[in-house]
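Structure first, commentary second.
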Amino acid sequence: MKAVILVGGLGTRLRPLTCNTPKPLIPLVNQPFIEWMLVRLRDQGIDEVILAVQYLADRFRAVLGDGSRLGMRLHIIEEPEPRGTAGAVKNVEHLLDGPTFVFNGDVMTDLDLQAMLAYHREHQSKVTISLTPVEDPTQFGLVEMDSNQRVKRFLEKPRVEDITTNLINAGTYIIEPEIFRYVPPNQFYMFERGLFPVVLQTGDAMYGFASRAYWTDIGKPQTYLDVHHDILIGKVKYGFRGQEIANRVWVEGDADLHPSAQIVGPVVIGAGTVVERGARIIGPTVLGANCHIGPDANLEGMVLWADNHISEGVTLRNSVLGRGNTIGPKSFISDGAIIGDDCNFGPENRLERGIRIWPGTVLGEKAISF
Ligand code: GDD
Ligand code: MG
């Protein structure tokens with residue numbers, strides 16, 4: 001079975017984390033998000049995947065190659081210009097045969113794909129859309145069904161007064177190839193505002209597949225942090241790759257952990273990371289590869305990418321650090337702060353409440369954010 005993953009977006013809402021890294025390549029528990037997605041697809045019987053990218057195809061090729069390392073066939077296809085969600089699939093139509101899975105590339109879910117495929121076949125559906133309940137559908141595509149789960153209305157980014165259900169498009173579709181005849185070639189065209197409303201008019205069978213699988217859009221800094229916490233506390237099925245050296249403490253390769261350091265799981269520690277004397281690492285926390293955590297540092301609820309240098313007595317809480325930062329002694333970073341890559345902070349800086357720091361920022365000492 002084949003699948004297309006849509007990975008064209010710019011990831012602007014996740015800046016500064018996406019300043020240097022395309023959104024699908026940002027790490028999820030120390031593994032590029034898209035790689036985790038590919039492994040999940042492979043494990044559920046999808047062995048050939050087309051990545052529909054819009055830019056930076058070479059970055060994807062450098063990380064993923066032809067997919068053989070992951071045990072699958074992978075095609076990385078760059079669009080000549082943004083074609084929209086359906087136009088992007090039309091652009092790779094020549095590679096498709098039979099029913100095809102299509103995925104939004106920015107969704108974290110443990111949806112059962114084989115169950116969805118069985119449902120699609122049972123209903124002789126031409127388009128099946130996975131659905132998930134959310135509190136606020138205004139940021140999503142609202143999907144209304146009749147009592148037989150046939151889709152009867154699709155409304156992208158509904159206004160509050162148009163909300164009739166909490167079920168939204170969860171960004172996984174199964175589509176029969178003949179349906180692509182409705183998509184005009186070589187143009188910008190969307191599933192959400194183009195193809196789905198058209199299919200409602202033509203009367204081809206379009207069904208919703210509602211599930212309570214774990215589901216979240218990783219496209220915002222707070223959800224990026226929340227997804228990590230959810231994975232670590234076991235809310236979503238996830239195969240940790242390291243060795244479990246203590247209760248819910250996984251180490252991915254060699255790490256140097258001082259005996260007086262206190263590590264309370266769930267914690268994942270990347271290869272080559274050093275944790276010095278008296279440091280406290282409290283889960284849910286992920287430390288990237290080759291990080292250095294100085295003496296008596298306190299980390300809780302953190303996501304650190306690779307190559308960070310955390311000095312003595314630093315406190316870090318519920319925040320994200322990109323790659324290659326140096327945090328000076330006794331600094332304090334908390335409450336959803338998002339630090340880009342390659343920043344250099346002197347001693348005793350205090351950064352809080354969702355502050356975003358752009359890559360390469362240099363701070364002297366004792367700066368305070370408001
Ligand atoms: N190749 C390619 N080309 N990919 C694209 C393009 C394009 O022109 N435009 C968007 N994408 C990719 C994005 O990278 C993302 O993975 C996916 O298509 C969806 O686009 P978003 O920009 O993230 O859309 P959204 O989050 O506002 O809404 C979509 O997702 C919701 C679920 O998260 C819609 O499908 C909603 O209906 C849905 O509820
Ligand atoms: Mg999205």
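Throughout, residue positions are numbered sequentially from 1 according to the sequence presented. Small disclaimer: the values here were computed from a predicted structure and weren't measured. For ligands, and for the atoms within them, numbers begin at 1 and follow the listed sequence.
Aromatic ring centres of Trp215 and Phe140: separated by under 6.0 Å. Ring centroids of Tyr182 and Phe180 are separated by 6.0 Å or more, keeping the two rings apart.
Proximity of Tyr189 to ligand 1 is not established, as no heavy-atom distance is less than 4.0 Å. A heavy-atom separation below 4.0 Å is found between Lys157 and ligand 1. In this structure, Gly171 falls outside the shell of residues with a heavy atom less than 4.0 angstrom from ligand 1. In this structure, Tyr55 does not count as a contact residue of ligand 1, since none of its heavy atoms falls inside 4.0 Å of the ligand.
For Asp106, the N, O or S atom closest to the Mg ion (ligand 2) goes by the atom name OD2.
Val198 and Phe188 sit in two unconnected hydrophobic clusters of ILVMFWY residues. Membership requires side-chain heavy atoms under 4.5 Å apart, directly or through other members. Ile338 and Phe345 fall into different hydrophobic clusters, where Ile, Leu, Val, Met, Phe, Trp and Tyr residues are linked whenever their side-chain heavy atoms come under 4.5 Å apart, directly or through other members. Under the 4.5 Å side-chain contact rule for hydrophobic residues, Phe196 and Met145 share a cluster.
When heavy-atom distances to ligand 1 are checked against a 4.0 Å cut-off, Arg83 comes that close only through its backbone atoms N, CA, C and O. Contact annotation for Phe103 and ligand 1: no heavy atom of the residue comes within less than 4.0 Å of the ligand. Contacts between Ala88 and ligand 1 below 4.0 angstrom, taking non-hydrogen atoms only, involve the side chain exclusively. Counting heavy atoms closer than 4.0 Å to ligand 1, residue Asn169 contributes atoms from both its backbone and its side chain.
Of all the listed residues (Val107, Val134, Leu6), Leu6 holds the heavy atom that lies closest to atom 12 (C) of ligand 1. Of all the listed residues (Gln54, Lys23, Met190), Gln54 holds the heavy atom that lies closest to atom 8 (O) of ligand 1. Of the listed residues (Glu79, Glu156, Lys220), the one carrying the non-hydrogen atom nearest atom 36 (C) of ligand 1 is Glu156. Across the listed options Glu192, Glu78, Arg13, Glu192 owns the non-hydrogen atom lying nearest to atom 35 (O) of ligand 1.
Closer than 4.0 Å to atom 14 (O) of ligand 1 lies at least one heavy atom of the protein. Per-atom contact check: atom 27 (O) of ligand 1 touches the protein, criterion being a heavy-atom distance below 4.0 Å. Distances from atom 24 (O) of ligand 1 to the protein include no heavy-atom value under 4.0 Å.
Residue Ala170 places no N or O, backbone or side chain, under 3.5 Å from any N or O of ligand 1. Backbone and side-chain nitrogen or oxygen atoms of Gly84 are examined, and one is located within less than 3.5 angstrom of a nitrogen or oxygen of ligand 1.
Between Tyr119 and Tyr207, the angle of the ring planes goes over 60°, which puts this pair in the perpendicular group of the 30/60° scheme.
Thr164 and Glu144 are linked by a side-chain donor-acceptor pair at a separation below 3.5 angstrom, with hydrogens and angles left out of the test. A side-chain donor from one of Thr128 and Ser125 sits under 3.5 Å from a side-chain acceptor of the other. In this structure, a donor-acceptor pair under 3.5 Å is absent between the side chains of Thr285 and Glu300. No hydrogens or angles considered: nothing links the side chains of Glu365 and Asn349 as a donor-acceptor pair under 3.5 Å.
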Using atom types as modelled, flag every donor-acceptor pair under 3.5 Å from a side chain in residues 92-103 to any protein atom, sequence neighbours excluded.
residue: Glu93; atom: OE1; partner: Lys90; partner atom: NZ; Å: 3.1
residue: Asp97; atom: OD2; partner: Lys2; partner atom: NZ; Å: 3.2
residue: Thr100; atom: OG1; partner: Gly98; partner atom: O; Å: 3.1

